Amino acid sequence: MAIENFAQMIELARQKGPKRVAVAAAHDPEVLLSFEEARRAGLEVSGYLVGDARAIEEIARQEGVSLADFEIIHEPETSRAARTVVLLAREGKADIVIKGQLKTAELLSVALNKEIGLRDKTLMTHVGIFEIPGMDKLIYISDSGVVPYPDVYQKLEIIRNAVEVAHRFGLEMPRVAILAATEAVHPKIPASIDALALAKMAEQGWVEGAIVDGPMALDSAISEYSARVKGIKSPVAGRADILIVPNVEAGNIMAKGILYFARARMAGHVVGARVPILINSRADEAETRFLSLAMAIYLSTESASQSR
C-alpha cells in the first residue's frame with residue numbers, strides 16, 4: 001500500500017528501530033529541536049553532534065533539549081566538521097548525515113570526494129516529498145539540491161533515484177512528468193528537448209517501474225482539468241506523482257514556493273550515497289528537519305548501531 005501522508009511515513013519509521021546520526025555544525029537550534037520532535041514521535045535517535053561544543057550545550061539548555069543520547073565532538077571549523085561527519089558515516093558509525101549551520105556545498109563537497117566521500121554506484125541527487133493541502137497524495141520533486149545543471153544522462157539518474165524512492169513508499173508504477181515551460185518541443189528551450197529524449201528513453205526501457213512523459217508544463221502534470229482543456233492525451237498528464245525539474249534553480253524555487261505559498265510540509269534528503277544526507281535549508285524549521293529525518297530513517301538500511 002502506498003504511503004499517502006507523513007503520518008503514515010512516521011509510523012513506519014518508528015518501526016525501523018534505533019538510528020545513529022552525525023550532524024555537521026550542530027550548533028543549530030532547529031536541528032536539536034528536531035531530535036526532540038523525533039523523541040516525542042517515538043523515533044530512537046542517537047549519535048554525534050560535531051560543532052562548537054559550548055554553543056551546542058548552550059542551545060540545548062535554552063531549548064530544553066536533552067543531549068543524553070549524543071556524543072559532542074568539538075570542531076567549530078565548519079569544513080572540518082563536515083569532514084568528520086562524512087568519515088563517521090563512511091566508517092559505519094552513523095546511519096544518517098545531517099547538515100547543521102553550514103552551507104550545503106560545504107558538506108556535499110566532502111560527501112562527493114572520491115577519496116573519503118560517500119559516493120555509491122549511482123549519481124547523488126535530492127528527492128523532496130511534499131504533503132500539500134488539498135492533495136490526497138504525496139508529490140515527489142527532484143532534483144532541487146545537488147546537481148546544478150544536469151545533462152540528459154544525469155537527468156536519467158535523477159529519474160531513477162526518484163522512482164526508487166517512490167517504490168519504497170509503495171507506488172508500484174509512479175507517474176513521472178519531466179517539466180518544461182510548455183508541452184511543445186522548441187530548439188531554444190533545452191529542457192523541452194531533454195524531456196522529449198528522456199520520455200523516449202523511458203519508452204525504450206531505460207527507466208523501469210514507472211510511466212514517464214514530457215515535456216510537460218506544471219499545470220498539465222498535476223491538474224486533470226488543465227490537461228483536458230489543453231487536449232493532452234497522456235497517462236501522466238494531470239496525475240503525476242513525480243515532478244522532474246529542469247535544473248536546481250527551478251527545483252529550489254518550486255520547493256520553497258510550495259512551502260511558503262501553499263503552506264505545505266516537506267521531507268527530503270540526498271539519495272544515491274552510502275547513507276541518507278539531509279541538506280535542509282538553514283532557514284528550515286524543526287518540523288521540516290524532523291520530517292526529513294523520519295524519511296531518512298524509513299529509507300535507511302540496517303542501523304550501524306545494530307550491526308556493530
Side-chain angles (χ1 to χ4, degrees), residues 1-6 125-144 149-150 152 155-156 158-163 165-167 169-268:
M1 185 179 73
I3 298 173
E4 297 178 344
N5 54 59
F6 286 150
T125 63
H126 186 272
V127 178
I129 306 178
F130 295 80
E131 187 181 75
I132 304 172
M135 301 195 76
D136 59 0
K137 65 178 182 180
L138 298 173
I139 294 293
Y140 302 71
I141 297 177
S142 194
D143 173 355
S144 63
Y149 298 99
V152 170
K155 287 180 180 179
L156 180 63
I158 288 170
I159 293 170
R160 287 172 171 167
N161 283 351
V163 168
V165 171
H167 284 168
F169 270 67
L171 291 176
E172 294 183 6
M173 191 64 67
R175 294 176 173 86
V176 182
I178 308 169
L179 299 183
T182 72
E183 291 71 37
V185 178
H186 194 286
K188 291 187 177 181
I189 305 178
S192 70
I193 298 173
D194 286 356
L196 179 64
L198 289 162
K200 189 65 177 179
M201 292 168 75
E203 184 182 310
Q204 294 177 351
W206 289 65
V207 179
E208 297 182 356
I211 304 169
V212 182
D213 202 3
M216 198 168 291
L218 176 60
D219 58 341
S220 304
I222 62 172
S223 167
E224 292 188 39
Y225 171 78
S226 294
R228 184 170 64 253
V229 168
K230 292 182 179 181
I232 301 170
K233 299 185 183 301
S234 164
V236 175
R239 304 170 66 191
D241 302 297
I242 300 173
L243 305 176
I244 303 298
V245 296
N247 53 54
V248 77
E249 289 178 325
N252 189 277
I253 292 168
M254 175 185 286
K256 289 178 179 175
I258 293 172
L259 285 174
Y260 285 92
F261 292 136
R263 300 299 179 188
R265 299 202 296 167
M266 173 194 174

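Keep in mind the model is a prediction, meaning the values are calculated, not measured.
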Between side-chain atoms of residues 196-209 and protein atoms elsewhere (two or more places apart, or another chain), which donor-acceptor pairs fall under 3.5 Å?
residue: K200; atom: NZ; partner: E203; partner atom: OE2; Å: 3.2

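Atom CD1 of I159 sits about 9.0 Å away from atom OG of S142, to the nearest 0.5 Å. Expressed to the nearest 0.5 Å, how far CE of M254 lies from CG of L218 amounts to 4.5 Å. The distance from the CZ atom of R175 to the OH atom of Y140 is 13.5 Å, given to the nearest 0.5 Å. Rounded to the nearest 0.5 angstrom, I139 CD1 and F130 CZ are separated by 10.0 Å. Here the CD1 atom belonging to I258 is positioned 3.5 Å from the CD1 atom belonging to I141, to the nearest 0.5 angstrom. The structure places CD1 of I129 at 11.5 Å from CG of D241, a figure rounded to the nearest 0.5 Å.
Annotation for P133 and A264: closest pair CD-CA, 3.8 Å, computed over non-hydrogen atoms. Nearest heavy atom pair, residue R265 against residue L259, reads C-CD2, 4.2 Å. The two atoms that bring D194 and V152 nearest to each other are OD1-CG2, 3.1 Å, heavy atoms only.
Around the NZ atom of K256, the shell of radius 6.0 Å holds no more than 12 heavy atoms that belong to other residues, nucleotides or ligands.
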Go through V176 and V236 one step at a time and tell me if the side chain to side chain contact (heavy atoms under 4.5 Å, CB included) criterion holds.
CA-CA 7 Å; V176 182; V236 175; 5.9 Å; no
Please determine whether side chain to side chain contact (heavy atoms under 4.5 Å, CB included) holds for the pair K155 and I178, giving the CA-CA distance in whole Å, both sets of side-chain angles, and the decisive distance to 0.1 Å.
CA-CA 9 Å; K155 287 180 180 179; I178 308 169; 5.7 Å; no
Let's go through L243 and I222 carefully: what are the C-alpha distance in whole Å and the side-chain angles of both, what is the deciding distance for side chain to side chain contact (heavy atoms under 4.5 Å, CB included) to 0.1 Å, and is it a yes or a no?
CA-CA 9 Å; L243 305 176; I222 62 172; 4.2 Å; yes
Side chain to side chain contact (heavy atoms under 4.5 Å, CB included) for S234 and M216? Distances and angles first, verdict last.
CA-CA 10 Å; S234 164; M216 198 168 291; 3.9 Å; yes
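In this structure, S192 contributes its side chain and P215 its backbone to no donor-acceptor pair below 3.5 Å. In this structure, E224 contributes its side chain and R239 its backbone to no donor-acceptor pair below 3.5 Å. No donor-acceptor pair closer than 3.5 Å links the side chain of S223 to the backbone N or O of G238.
Proximity of I158 to P150: side-chain heavy atoms (C-beta onward) are separated by under 4.5 Å at one or more points.
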